[in-house]
Amino acid sequence: MSTALQMTAFGLALLSAVFLLLATCTDCWMVNTDDSLEVSHKCRGLWRECVTNMQDGVRTCDQYDSILADHPVKIVVTRTLLITADLLAGLALATLLLGLDCIKFLKEDPHVKLKMCYGAGVILGIGSILGLVGAMWYAVDVYLERAMLVSHNIFLGVHYDFGWSCWLGMAGSMGCFMASILLTCCFY
């Protein structure tokens with residue numbers, strides 16, 4: 001039972017860490033929702049803004065000036081939290097891999113391997129909370145920006161909604177949290 005639980009937690013943590021990494025690297029955190037002519041598809045990400053022409057499929061992206069440039073708070077906070085969550089998920093995966101029963105590392109000391117699995121669960125839990133806070137921070141800011149424009153009857157021609165990168169970040173964070181629960185609560 002313990003090996004099956006470990007493998008399930010490892011698989012879930014690996015998939016969730018990949019989701020978190022993809023969410024950090026991709027550029028569709030906000031997507032335009034009110035393009036009545038449907039000529040182009042705009043996505044804003046943490047690192048750049050891209051526009052895809054729907055007629056010929058040509059995609060152009062504008063990189064943000066610099067990582068150190070003056071950016072909106074939602075981008076800076078989301079970048080920081082997601083990069084930290086990615087690093088913690090990677091550390092947790094390495095620790096968990098060494099703590100698995102099927103790995104021969106420290107085979108003679110199962111108590112240490114159990115502590116490694118528990119430690120990986122704690123690290124995953126911290127990373128998942130940071131990733132979820134980052135994704136939710138961005139999503140709430142997008143919602144509040146749109147709600148403010150609607151409440152003041154301001155129409156700029158484009159309204160943004162949550163993009164698939166935002167949802168991917170939330171899914172990756174929740175998956176890491178579930179793997180953390182499996183590793184910290186179900187083993188004891």
Side-chain angles (χ1 to χ4, degrees), residues 12-93 123-180:
L12 183 60
L14 181 64
L15 181 67
S16 301
V18 168
F19 281 3
L20 271 175
L21 187 62
L22 284 173
T24 305
C25 297
T26 54
D27 54 7
C28 202
W29 280 76
M30 288 177 21
V31 62
N32 65 328
T33 57
D34 291 332
D35 189 3
S36 59
L37 299 176
E38 295 183 18
V39 174
S40 64
H41 182 261
K42 293 182 184 179
C43 282
R44 285 188 185 169
L46 302 177
W47 311 101
R48 61 188 175 194
E49 183 173 343
C50 294
V51 178
T52 304
N53 187 330
M54 300 303 280
Q55 293 174 344
D56 57 8
V58 174
R59 181 177 181 185
T60 58
C61 293
D62 293 328
Q63 298 277 43
Y64 296 142
D65 293 335
S66 166
I67 293 175
L68 301 175
D70 203 15
H71 294 293
V73 174
K74 72 179 170 190
I75 289 179
V76 174
V77 169
T78 305
R79 280 180 183 174
T80 304
L81 290 172
L82 275 142
I83 289 171
T84 306
D86 291 340
L87 292 173
L88 287 174
L91 176 65
L93 280 172
I123 294 170
L124 266 177
I126 294 168
S128 69
I129 291 170
L130 292 176
L132 194 59
V133 166
M136 291 301 292
W137 176 285
Y138 197 92
V140 166
D141 196 59
V142 169
Y143 174 77
L144 290 176
E145 180 181 321
R146 184 174 182 167
M148 184 191 70
L149 292 174
V150 169
S151 70
H152 289 82
N153 291 328
I154 299 172
F155 182 69
L156 300 175
V158 175
H159 286 285
Y160 285 94
D161 205 0
F162 313 131
W164 59 270
S165 297
C166 187
W167 292 111
L168 199 60
M170 288 183 206
S173 297
M174 289 305 297
C176 283
F177 189 72
M178 295 303 295
S180 171

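Numbers for residues simply follow the sequence, beginning at 1.
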Beyond-backbone contact of Leu93 with Leu14, side-chain heavy atoms, under 4.5 angstrom: yes
Got Val142 and Phe162 here, is their nearest side-chain heavy-atom distance under 4.5 Å? yes
Find out whether Tyr138 and Val77 are in side-chain contact, i.e. whether some heavy atom of one side chain is under 4.5 Å from a heavy atom of the other. no
Candidate pair Leu46 and Asp27, rule side chain to side chain contact (heavy atoms under 4.5 Å, CB included), full reasoning: CA-CA 6 Å; Leu46 302 177; Asp27 54 7; over 6 Å; no
Just do the side chain to side chain contact (heavy atoms under 4.5 Å, CB included) check on Trp29 and Thr78 with the steps written out, would you? CA-CA 10 Å; Trp29 280 76; Thr78 305; 4.0 Å; yes
Nearest-0.5 Å distance, SG of residue Cys176 to CE of residue Met174: 10.5 Å
Measure the CG-OG distance between Leu81 and Ser173 for me, rounded to the nearest 0.5 Å. 9.5 Å
Distance in Å, Asp86 CG paired with Thr24 OG1, rounded so as to fall on 0.5 Å steps: 3.5 Å
Taking only residues two or more places apart in sequence or in another chain, which ones pass side-chain contact (heavy atoms from CB on, under 4.5 Å) with Leu22? Val18, Leu168
Roughly how far, to the nearest 0.5 Å, is the CD atom of Glu49 from the CE atom of Met30? 7.5 Å
Euclidean distance, Thr26 OG1 relative to Leu21 CG, rounded to 0.5 Å: 9.5 Å
Sulfur to sulfur, is the gap between Cys43 and Cys28 shorter than 2.5 Å? yes
Quick one: pull up CD1 in Ile123 and CG in Leu91 and give me the separation to the nearest 0.5 Å. 4.0 Å
Are Arg79 and Lys74 packed together at the side-chain level, in the sense that at least one heavy-atom pair is separated by less than 4.5 angstrom? no
What closest approach, in Å, do Ala135 and Cys166 show between heavy atoms, and which atom pair accounts for it? O-SG, 3.8 Å
So which atom in Leu124 and which in Ala179 form the shortest heavy-atom distance, rounded to 0.1 Å? CD1-CB, 3.9 Å
Would a distance-only check, ignoring hydrogens and angles, find a side-chain to backbone donor-acceptor pair under 3.5 Å from Ser16 to Ala13? no
Salt-bridge test for Asp62 and Arg44: reply yes if a basic N is under 4.0 Å from a carboxylate O, no otherwise. no
